[in-house]
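Quick note: numbers below take in every heavy atom, side chains included, and nothing from hydrogens, waters or symmetry partners. Just so you know, residue 1 is the first one in the sequence shown, and it goes up from there. Every number for a ligand or one of its atoms is a count from 1 in the order of the listing.
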Amino acid sequence: MSRVQLLFAGADEYNDIWVKAAASLPDLDLVLYRPGLDPSRFRYLMLWRPVPGLLPAMPNLKAVFSFGAGVERHLANPEIPAHVPIVRMVEPGLTQGMADYVLWQVLRHHRRFWELEEAAREGRWAPHWYPAAWDRKVGILGLGNLGQAAARQLLSFDFQIRGWSQSRKDLPGIASFAGTAELPAFLKDLEILVCLLPLTPQTAGILNAGLFAQLAPGAALINAGRGGHLVEADLIPALNSGQLAAASLDVFATEPLPGDHPFWAHPRIFVTPHNASDTDPGTGLGEVWRQIVAFEGGRPLENVVERARGY
Ligand code: GLV
């Protein structure tokens with residue numbers, strides 16, 4: 001196979017580390033998009049934020065590789081032609097990063113480390129009781145690649161794991177709930193809820209007061225899906241009433257989270273800057289290259305977005 005060119009666009013802040021990663025793939029030519037570049041010859045595009053006018057100028061495009069796992073921004077981009085497949089990012093670095101983030105936050109809430117940290121800041125010696133991990137009910141909304149990896153990580157720490165997804169999954173050790181009808185049974189008595197759903201019209205706003213009321217009193221919320229999953233106005237009232245004890249949020253309706261947003265100052269909301277997990281340039285580009293080689297060899301692309309279902 002001759003050298004293949006991949007145009008890289010809409011993620012300029014990552015340019016340097018991706019160019020460095022590409023150096024280890026001699027048959028791949030990673031070309032950074034810049035205004036004025038003629039994109040018409042490229043057959044493969046790696047895209048994150050939309051670059052207006054780019055796709056209509058790419059008549060030879062065979063596939064769009066999403067820089068990230070969430071693809072709602074691509075589905076909202078009217079410039080991506082319907083016949084061009086969009087490939088979601090599924091790669092070990094992104095998967096492991098999310099499993100790490102979820103484990104970190106679940107442990108924080110499981111052991112209520114924030115109470116110990118608050119006490120330490122005030123110079124108070126205040127040990128507290130906590131249940132064993134095997135008595136802790138943790139639920140994961142979304143059992144795709146990331147949700148399954150997070151579930152496996154938590155299982156290895158002996159938590160009780162439930163998962164909820166569109167279709168039922170047969171995963172060892174994980175109680176699987178599917179569809180709207182089974183959402184209440186999934187939520188019942190959950191003490192820690194993790195959201196890793198794709199953002200679709202069906203999942204937008206799913207984290208709301210009505211859902212919080214179905215969890216165990218004093219439950220914790222972890223959202224590393226999308227900001228659009230959370231009805232932001234419902235969170236602080238749920239924390240103030242004690243329905244929720246605390247929340248870890250990585251994603252927000254508006255990003256960057258505005259400096260005057262009340263989430264920053266709330267003592268029981270733990271904000272991270274959409275940094276739960278990132279695509280690793282080494283393994284991420286390796287995965288894109290693996291797919292290009294297979295596709296050029298006549299094999300189908302994997303992890304292609306189903307546009308009708310929205311992920
Ligand atoms: C990041 O948010 C991603 O979708 O990978």
Query raised in the report: Any donor and acceptor pair, going by atom type alone, linking the side chain of Q153 with main-chain N or O of V102 inside 3.5 Å?
Result: no
Query raised in the report: Is a side-chain N or O of N60 found less than 3.5 angstrom from the main chain of R43, in a donor-acceptor match?
Result: no
**Report entry** Test item: side-chain donor near acceptor, E296 and Y44, under 3.5 Å
**Finding:** yes
Looking only at distances, please establish whether an N/O atom of ligand 1 is found under 3.5 Å from an N/O atom of [X].
| X | result |
| --- | --- |
| T279 | no |
| S277 | no |
| G68 | no |

**Report entry** Contacting atoms of ligand 1, where contact means under 4.0 angstrom from a heavy atom of W48
**Finding:** 3 (C), 4 (O)
Query raised in the report: In ligand 1, which numbered atoms sit nearer than 4.0 Å to a non-hydrogen atom of R226?
Result: 1 (C), 2 (O), 3 (C), 4 (O)
Requested in this report: Between R73 and ligand 1, find which residue part has any heavy-atom pair under 4.0 Å and reply side chain, backbone, both or neither.
Outcome: neither
Query raised in the report: Is it the side chain (CB and beyond), the backbone, both or neither of H274 that lies under 4.0 Å from ligand 1, heavy atoms counted?
Result: side chain
Query raised in the report: Does NZ or CZ of R73 fall inside the cone over W48's six-membered ring, less than 6.0 Å from its centre and within 45° of the axis?
Result: yes
Query raised in the report: Would the number of heavy atoms belonging to other residues, nucleotides or ligands and lying under 6.0 Å from OH of Y130 be above 12?
Result: no
Query raised in the report: Between atom CZ of R162 and atom CG of L193, what is the distance when rounded to the nearest 0.5 Å?
Result: 10.5 Å
Report task. Would you mind checking which non-hydrogen protein atom is closest to atom 5 (O) of ligand 1, with the distance to 0.1 Å? Result -> A69 N, 2.6 Å
